[in-house]
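Below is one structure, written out as structure tokens; comments come after it.
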Amino acid sequence: MRQDTHRNPDRKLNMTTTRVLFFDVLGTVVDWRSGIAREAGAFLARNGAQQVDPGEFADAWAARYDASTEAVRTGHRPFVSLDVINRENLDATLVQFGLTPSELPAAEVEELNLAWHRLEPWPDSLKGLARLKERFIIAPLSGGNTRLLLDMAKRAGLPWDTVLGSDVFGTYKPAPHAYLRAVEILEVRPSEAMLVAAHNDDLAAARRCGIGTAFVARPKEHGPGQTTDLSPLESWDFVADDLVHLADVLP
């Protein structure tokens, strides 16, 4: 059932001046868990670890993201790309599940790390993005580095107008610089941009920067037992079931 979707009257958001829609990508536009689990499952089977649940492996790998990027956001570590962070976290996850990275085929480990470049869009994403692109500039605003996002877009057919990776900003969301640098590069004011995301914390950070907000529900992002981000936790400017629905409700 679709949620009641309307503009929040407490926000001074004028959609006639919105020029850019930024999109969180991992989880909002693409289904990262299914893709990572599928490739991890094949890798684990080839390397004698059939007993490891691929979904649990994917969850454990992704769970290391926040702490790893926080070190960059807080200045405890110089900026490194998500490809580097993912590879470090992959090695740690392999150890967590009883495997020794140095004893595994190096080329296969690296290929598994690049699974993040090959993620599939949600069923509504391509149609929704195509419709939204007719009226707005559309671009990713993601933790992914530029090459990761480009590879993903070319493979999946994501019709971005431009690609801005975290390596362009030199930090990771929810650092304010990521959002503010994005609007600066596209030469719009924060009030002329909107972030579309399935994550309440991402939207909250964008709102603090003066950027509009649209929550898109992705209740299966973390698998059948998901307990977070099932619904909007604040009065976002717009709420939609998916990207096609968002194209319907944005004026």
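Note that the coordinates shown come from a computational prediction; the quantities given were computed from them, not determined experimentally.
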Carboxylate-amine/guanidinium proximity below 4.0 Å for [X] and [Y]:
{"X": "D59", "Y": "R33", "answer": "yes"}
{"X": "D124", "Y": "R218", "answer": "yes"}
{"X": "E184", "Y": "R181", "answer": "yes"}
{"X": "D31", "Y": "K220", "answer": "no"}
{"X": "D167", "Y": "R147", "answer": "no"}
{"X": "E88", "Y": "R64", "answer": "no"}
{"X": "E111", "Y": "R118", "answer": "yes"}

Do you see a donor-acceptor pair shorter than 3.5 Å between the side chains of [X] and [Y]?
{"X": "N86", "Y": "N113", "value": "no"}
{"X": "E221", "Y": "H199", "value": "yes"}
{"X": "S34", "Y": "R38", "value": "no"}
{"X": "S142", "Y": "D24", "value": "no"}
{"X": "H222", "Y": "D229", "value": "no"}

What do you reckon, are the aromatic ring centroids of [X] and [Y] less than 6.0 Å apart?
{"X": "F97", "Y": "F57", "answer": "yes"}
{"X": "W32", "Y": "W61", "answer": "no"}
{"X": "F79", "Y": "Y172", "answer": "yes"}

- Shared ILVMFWY cluster between V30 and L114, side chains joined below 4.5 angstrom? no
- Message: With a 4.5 Å cut-off on side-chain heavy-atom distances among I, L, V, M, F, W and Y, is there a chain of contacts connecting L112 to V84?
- Response: yes
Count the heavy atoms of every other residue, nucleotide or ligand shown that sit under 6.0 Å from [atom1] of [X], and state whether that count exceeds 12.
{"X": "E187", "atom1": "CD", "result": "no"}
{"X": "R135", "atom1": "CZ", "result": "yes"}
{"X": "R87", "atom1": "CZ", "result": "yes"}

Any side-chain heavy-atom pair of [X] and [Y] under 4.5 Å:
{"X": "L44", "Y": "N47", "value": "no"}
{"X": "S68", "Y": "N89", "value": "yes"}
{"X": "V20", "Y": "V183", "value": "no"}
{"X": "P232", "Y": "F238", "value": "no"}
{"X": "W122", "Y": "L243", "value": "no"}
{"X": "L158", "Y": "P121", "value": "yes"}
{"X": "F136", "Y": "R19", "value": "no"}

- Item | Minimum-distance pair of heavy atoms, taken over all atoms of G143 and K173 | N-CE, 4.5 Å
